[in-house]
Amino acid sequence: MAMVSEFLGQLTLSYGAEVEPKFPTVVPERDFDPSKDATRIETAIKTKGVDEQTVIDILTRRSTEQRREIAFEYERIAKKDLMTALKGALSGPLEALMLGLLRSTAQYDASELKASMKGLGTDEEALIEIVCSRNNKELEEIKKVYKDMFKKDVEKDIAGDTSGDFAKLLLALVQTKRDEPSNVVDYEKIDEDARSLYEAGVKRKGTDVATWISIMSQRSVPHLQKVFERYKSYSPYDIKESIRKEVKGDMEKSFLTLVECFENRQLYFANKLNDAMKGKGAKEKVVTRIMVSRCEVDLMKIRTEFKKQHKRSLYQIIAEHTKGDYQNALLSLCGGDD
């Protein structure tokens with residue numbers, strides 16, 4: 001019996017190294033006809049005053065692959081590019097959301113990263129969210145696509161746009177040196193890392209940020225979860241309290257994002273969505289970015305976490321804090337009430 005339980009233990013642990021399961025709210029349409037969809041979109045755009053609802057109904061209920069086929073058909077039928085046509089027909093947050101849906105998840109993340117570093121001033125919030133919440137595989141894909149789209153390395157742009165420890169942390173993460181989960185639990189290494197984090201921070205005057213960066217950017221997620229647990233036996237504060245005491249500004253936000261994503265990535269996004277829709281109106285950029293980038297990845301699970309944490313459904317909160325066509329598009333991506 002001991003053999004069996006050992007084997008089962010290994011099974012669940014080694015599972016982490018494989019592809020993460022997906023929990024999308026947007027899945028491929030079964031009776032899919034790209035030329036019919038393209039024709040309907042063309043008619044909707046040509047309608048006096050634009051028939052936004054038809055565009056929303058089609059683009060929010062098709063997978064990335066299917067949208068690509070629609071775009072191809074649209075160009076054939078209308079003799080112009082779908083992205084350009086939508087830019088001309090739509091405006092405001094609805095336009096940003098629809099254009100986002102015409103890109104694959106990695107292309108969208110890459111274009112959001114580029115936008116966060118364009119022109120004067122950096123949108124640190126977007127930069128931190130994307131770099132600190134994506135796993136190795138997602139970051140690898142973003143780097144590849146970024147290079148294809150902008151003919152530049154994302155590392156170069158980050159290095160040119162940020163400085164100091166913040167730049168070091170982001171670059172360490174983008175280098176994707178994180179260990180893959182292993183089915184061997186190394187208790188010595190867990191203890192050593194927990195002690196190093198404590199000695200590099202709370203125990204001393206000032207913070208040895210380099211040690212924090214290397215541990216947080218290189219260890220596997222299951223390993224770090226155990227390190228943070230072990231950390232409590234060394235430090236009077238848990239890891240999040242320690243971060244708040246030791247670093248400020250973008251470093252604090254980055255380390256906290258990392259820890260929250262190591263603990264529960266979907267809860268992190270649920271909380272971000274909740275924060276973006278507090279009070280009057282909504283932080284549309286943040287809401288759009290999360291809904292578009294996660295709808296084919298894990299938005300269903302984000303919805304579950306949202307309801308558990310905030311006692312109301314994501315659907316209800318969107319309905320309350322947004323309006324018009326933009327609201328309709330978000331509710332469609334959300335995929336239902338809980």
Self-check item: Glu52: which of Thr47, Asp57, Asp325 passes side-chain contact (heavy atoms from CB on, under 4.5 Å)
Solution: Asp325
Expected list for residues 85-100: side-chain donor-acceptor pairs under 3.5 angstrom, two or more places apart:
none

Could you report the tightest heavy-atom contact between [X] and [Y], atom names first, then the distance?
{"X": "Leu82", "Y": "Ala71", "value": "CD2-CA, 3.9 Å"}
{"X": "Ala282", "Y": "Thr322", "value": "CB-CG2, 4.2 Å"}
{"X": "Ala44", "Y": "Val55", "value": "CB-CG2, 4.0 Å"}
{"X": "Lys278", "Y": "His321", "value": "C-CE1, 4.2 Å"}

[atom1]/[X]: more than 12 non-hydrogen atoms of other groups inside 6.0 Å:
{"X": "Tyr237", "atom1": "OH", "answer": "no"}
{"X": "Lys248", "atom1": "NZ", "answer": "yes"}
{"X": "Lys253", "atom1": "NZ", "answer": "no"}
{"X": "Phe72", "atom1": "CZ", "answer": "no"}

Within the distance-only criterion (no hydrogens, no angle test), does the side chain of [X] pair as donor or acceptor with the backbone N or O of [Y] below 3.5 angstrom?
{"X": "Gln66", "Y": "Ser63", "answer": "yes"}
{"X": "Glu192", "Y": "Lys189", "answer": "no"}
{"X": "Ser313", "Y": "Gln316", "answer": "yes"}
{"X": "Arg289", "Y": "Glu284", "answer": "no"}
{"X": "Arg67", "Y": "Leu101", "answer": "yes"}
{"X": "Ser235", "Y": "Lys232", "answer": "no"}
{"X": "Asn135", "Y": "Lys137", "answer": "yes"}
{"X": "Asp298", "Y": "Lys301", "answer": "no"}
{"X": "Glu241", "Y": "Asp238", "answer": "yes"}

Self-check item: Pair Thr43-Arg40, side chain to side chain donor-acceptor pair (under 3.5 Å): steps then yes or no
Solution: CA-CA 5 Å; Thr43 309; Arg40 283 180 64 206; over 6 Å; no
Quiz item: So which of Lys22, Lys143, Lys144, Arg294 actually passes salt bridge (charged side-chain N to carboxylate O under 4.0 Å, His left out) with Glu138?
Solution: Arg294
Quiz item: Same hydrophobic cluster for Leu267 and Met277, using side-chain heavy-atom links shorter than 4.5 Å among ILVMFWY?
Solution: no
Exercise. State plainly whether one hydrophobic cluster holds both Leu258 and Phe269, where clusters connect Ile, Leu, Val, Met, Phe, Trp and Tyr through side-chain heavy atoms under 4.5 angstrom apart.
Key: no
Self-check item: Derivation of the side chain to side chain donor-acceptor pair (under 3.5 Å) call for Asp37 and Ser35
Solution: CA-CA 5 Å; Asp37 282 348; Ser35 64; over 6 Å; no
Can you list everything that forms a salt bridge (Lys or Arg N to Asp or Glu O under 4.0 Å) with [X]? Sequence neighbours excluded, please.
{"X": "Glu69", "value": "none"}
{"X": "Asp123", "value": "Lys285"}
{"X": "Lys114", "value": "Asp157"}

Enumerate, atom names and distances included, each donor-acceptor pair closer than 3.5 Å involving a side-chain atom of residues 161-175, sequence neighbours excluded.
from   : atom 1 : to     : atom 2 : distance (Å)
Asp161 : OD2    : Thr122 : OG1    : 2.5
Thr162 : OG1    : Ile158 : O      : 2.7

For residues 303-310, tabulate all N or O donor-acceptor pairs below 3.5 Å that involve a side-chain atom, not counting sequence neighbours.
from   : atom 1 : to     : atom 2 : distance (Å)
Arg303 : NE     : Asp338 : OD1    : 3.4
Arg303 : NE     : Asp338 : OD2    : 3.0
Arg303 : NH1    : Cys334 : O      : 2.6
Arg303 : NH1    : Gly335 : O      : 3.2
Arg303 : NH2    : Asp338 : OD1    : 2.9
Thr304 : OG1    : Met300 : O      : 3.1
Glu305 : OE2    : Asn264 : ND2    : 3.2
Lys307 : NZ     : Asp338 : O      : 2.7
His310 : ND1    : Asn274 : ND2    : 3.3
His310 : NE2    : Asn271 : OD1    : 2.9

Quiz item: So Thr211 and Asp208, side chain to side chain donor-acceptor pair (under 3.5 Å) or not? Walk me through it.
Solution: CA-CA 6 Å; Thr211 299; Asp208 167 11; 2.4 Å; yes
